Amino acid sequence: MVSRWFVSSTLLLSALALAGCGRGGDGALAVAVIDDSASLFANGVRLSAGAQHLRAATDAGLVAFDSQGEVIPALADQWIVTDDGRSYIFRLRNGTWPDGRQLSADSARTALREAIARLSGTSLGLDLAPIAEVRAMAGRVIEIRLSSPAPTLLQLLAQPELALARGVGGSGDMVLERHGDAATLAMKPPLARGIPEASDWAQYVRTVAVEAAPAREAVARFDDGEVDLVLGGRIGALPLVDTGPLSRGTVRLDPALGLFGLQVRRAQGPLASPEVREALAMALDREALVESFGVGGWVPTTRLVAPGLPDDPGLVGERWTTQDLDARRAAAASRIAAWRRGAGGAEARVTIALPAGEGYDVLFRALAGQFAAIGLGLDRRGADAAADLVLVDRIARYAEPRWFLNQFNCSLRGGLCSPEADALVAEATRQADAAPRAALYAEAETELLRLNGYIAFGSPLRFSLVRGDVDAFAANPWAFHPLPPLAVIPR
């Protein structure tokens with residue numbers, strides 16, 4: 001039987017001292033996260049990327065992600081999926097909750113139900129719609145029953161927001177002690193992590209020191225050798241780093257999957273017309289938007305759902321493939337001119353909300369120049385200001401059309417939406433067979449493309465700065481780099 005997982009302040013300090021004396025005198029791994037402390041240490045269900053990393057280190061779900069972005073055991077050490085794909089059965093590992101109570105099927109069921117309920121009203125809550133029931137079975141076995149097959153359920157359950165908690169203390173592999181804008185995280189003893197005890201375990205782990213920092217400061221500290229790893233890099237920080245050939249191995253770009261484009265927040269002025277909204281999407285030279293950033297392998301798209309997802313039947317293709325850029329821009333300019341005539345010669349101008357940062361400055365100039373070519377003016381507003389257009393830069397939680405479509409669900413009130421598309425997604429979720437499900441997803445995407453409420457650029461840009469001696473780091477589609485593996489010193 002595993003002893004209590006709760007780690008008192010005395011045990012925490014002991015673990016920090018032991019871990020800091022790792023093999024060869026290894027000290028703490030210093031990590032800077034491009035974030036602010038309020039976001040990094042946030043609680044609740046709406047977490048920044050940095051807060052997701054801390055949550056995943058200190059709290060555990062049934063399963064988790066490894067460095068490669070693959071699902072691995074966490075509180076559940078084994079699972080099976082029934083042949084019809086509508087039942088996932090998990091066997092919990094032998095142990096206790098942090099407060100000493102037994103980790104049982106009943107307690108895990110309660111914790112999972114509570115986690116699901118907390119996500120109501122979020123896009124992740126919509127993703128969990130196929131879960132029909134969570135059942136406690138014998139001893140340490142729970143079952144998740146689905147209304148229809150959900151091949152990506154394990155990826156969903158690995159999300160930090162689906163971590164399970166009972167009482168005081170975290171159920172994850174690490175304990176955290178905060179010091180203002182920084183924190184130290186130390187590994188728990190092996191038994192508390194659900195693995196066999198080892199007398200020399202403390203020699204092979206180190207603490208991880210995490211601090212929130214603005215992009216320029218984080219990059220400067222890495223360049224000065226003060227931190228070993230920078231996480232959370234987005235397009236706004238890309239001009240601060242060298243992405244040339246000599247930087248390979250230091251600047252690590254994730255093959256990220258998700259949304260990167262503009263969402264129409266206010267259908268007014270020129271954007272009241274779906275034809276003009278389409279004109280903006282038609283006019284873009286997507287490759288030119290990012291060429292100055294010097295990144296390779298970026299995937300542009302005109303679609304709402306990322307192209308090339310697993311089992312994509314090819315029912316929706318790229319848009320305007322029969323027209324070259326000049327023809328598309330001529331058509332777009334004609335629509336802008338027609339709108340101006342109908343508006344009594346009014347100037348065609350729209351506003352865009354963008355965060356501060358050098359990369360966003362570059363992006364704004366590129367967008368403003370391309371829209372000016374079709375007769376549309378673009379004015380910039382701050383990230384939190386009311387604007388006609390807002391940048392969407394979001395990593396997918398799983399590789400399925402449903403994630404992309406759920407981001408535009410009317411219940412989220414994020415911008416233009418389609419009740420018809422929402423109904424199609426809901427119907428697809430109820431389908432037991434893959435073919436009709438894919439057809440309904442394609443129909444929903446087509447409906448949203450017809451609305452032209454989202455102007456796609458391509459895949460999101462994510463990067464990290466990684467010192468050469470940092471092990472257990474791997475680029476992956478989720479741009480998620482768990483901290484516990486980084487704390488392990490190779491034997």
Side-chain angles (χ1 to χ4, degrees), residues 28-42 47-59 64-69 158-161 172-174 176 178-179 181-185 206-243 247-258 260 295 355 357-359 393-397 459-488:
L29 179 76
V31 179
V33 180
I34 299 176
D35 204 343
D36 60 77
S37 59
S39 296
L40 180 63
F41 295 102
L47 304 178
S48 68
Q52 289 174 354
H53 281 77
L54 293 188
R55 175 77 62 82
T58 57
D59 289 282
F65 285 122
D66 67 7
S67 299
Q68 306 287 336
Q159 300 302 321
E161 293 87 345
D173 286 349
M174 307 186 83
L176 180 151
R178 182 173 175 179
H179 317 278
D181 291 345
T184 51
L185 293 101
R206 57 186 169 185
T207 58
V208 177
V210 179
E211 186 170 1
R216 183 173 290 279
E217 179 183 337
V219 172
R221 294 188 64 196
F222 182 87
D223 291 341
D224 292 342
E226 297 177 11
V227 298
D228 305 296
L229 178 66
V230 174
L231 298 177
R234 298 185 177 219
I235 190 172
L238 262 175
L240 303 175
V241 302
D242 179 9
T243 56
S247 69
R248 288 174 186 166
T250 298
V251 180
R252 303 289 294 275
L253 290 165
D254 287 296
L257 185 69
F260 181 42
V295 298
E358 287 84 345
D393 186 7
R394 200 171 300 155
I395 298 296
R397 301 300 187 113
S459 55
L461 291 165
R462 294 291 187 275
F463 73 90
S464 303
L465 300 180
V466 187
R467 197 76 62 199
D469 58 354
V470 173
D471 296 303
F473 179 96
N476 63 73
W478 321 120
F480 185 77
H481 308 289
L483 299 178
L486 294 168
V488 176

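Everything quoted here is computed from the prediction, not taken from an experiment.
Annotation for Ser48 and Ser39: closest pair OG-O, 3.4 Å, computed over non-hydrogen atoms. Across every non-hydrogen atom of Ala51 and Ala42, the tightest pair is CB-O, 4.3 Å. For the residue pair Ala256 and Ser459, the shortest heavy atom distance occurs at O-CB, 3.5 Å. Closest approach of Val251 to Asp242, counting heavy atoms only: CG2-O, 3.3 Å. When all heavy atoms of Ala474 and Gln68 are compared, the pair lying nearest together is CB-NE2, 3.6 Å. Among all heavy-atom pairs drawn from Ile395 and Pro477, the shortest one is CG2-O, 4.0 Å.
The distance from the OG atom of Ser464 to the CG atom of Asp254 is 5.5 Å, given to the nearest 0.5 Å. Taking OG1 of Thr184 as the reference point, atom CE of Met174 lies at 9.5 Å (rounded to 0.5 Å). Atom CZ of Phe260 is separated from atom CZ of Arg462 by 8.5 Å, given to the nearest 0.5 angstrom. Once rounded to the nearest 0.5 Å, the distance linking CG of Leu483 with CG of Asp173 reads 11.0 Å. Between His53 atom NE2 and Asp35 atom CG the span is 11.0 Å, to the nearest 0.5 Å. Taking CG of Leu465 as the reference point, atom CG of Asp223 lies at 7.5 Å (rounded to 0.5 Å).
Counting heavy atoms from C-beta on, the side chains of Leu185 and Leu54 come closer than 4.5 Å. A heavy-atom distance below 4.5 Å is found between the side chains of Val210 and Val208. The shortest side-chain heavy-atom distance between Val31 and Leu231 falls under the 4.5 Å cut-off. A heavy-atom distance below 4.5 Å is not found between the side chains of Leu29 and Thr207.
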Before you tell me yes or no, could you show the steps for Gln159 and Phe65 under side chain to side chain contact (heavy atoms under 4.5 Å, CB included), namely the whole-Å CA-CA distance, both residues' side-chain angles and the distance that decides it to 0.1 Å? CA-CA 8 Å; Gln159 300 302 321; Phe65 285 122; 3.7 Å; yes
Should Leu176 and Arg178 be marked as a side chain to side chain contact (heavy atoms under 4.5 Å, CB included) after you check the CA-CA gap, both sets of side-chain angles, and the distance that decides it? CA-CA 6 Å; Leu176 180 151; Arg178 182 173 175 179; 4.1 Å; yes
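Residues satisfying the side-chain contact (heavy atoms from CB on, under 4.5 Å) criterion with Ala472, sequence neighbours excluded, are Ser67, Pro485, Leu486. In this view, Arg216 and Glu358 satisfy the salt bridge (charged side-chain N to carboxylate O under 4.0 Å, His left out) rule, not counting sequence neighbours.
Under 3.5 Å, the side chains of Gln52 and Glu161 contain a donor-acceptor pair of N or O atoms.
Taking 4.0 Å as the cut-off between side-chain N and carboxylate O, Arg221 and Asp228 do not count as a salt-bridged pair.
Proximity of a side-chain donor or acceptor of Asn476 to a complementary backbone N or O of Phe480 within less than 3.5 Å is detected. The main-chain N or O of Glu226 is never found under 3.5 Å from a side-chain atom of Asp224 such that the two would form a donor-acceptor pair.
Cation-pi check for Arg234 over Phe463 is not met; the charged atom does not lie both under 6.0 angstrom from the ring centroid and within 45 degrees of its normal. Arg467 forms a cation-pi arrangement with Phe222, by the criterion of a distance under 6.0 Å to the ring centre and an angle within 45° of the ring axis.
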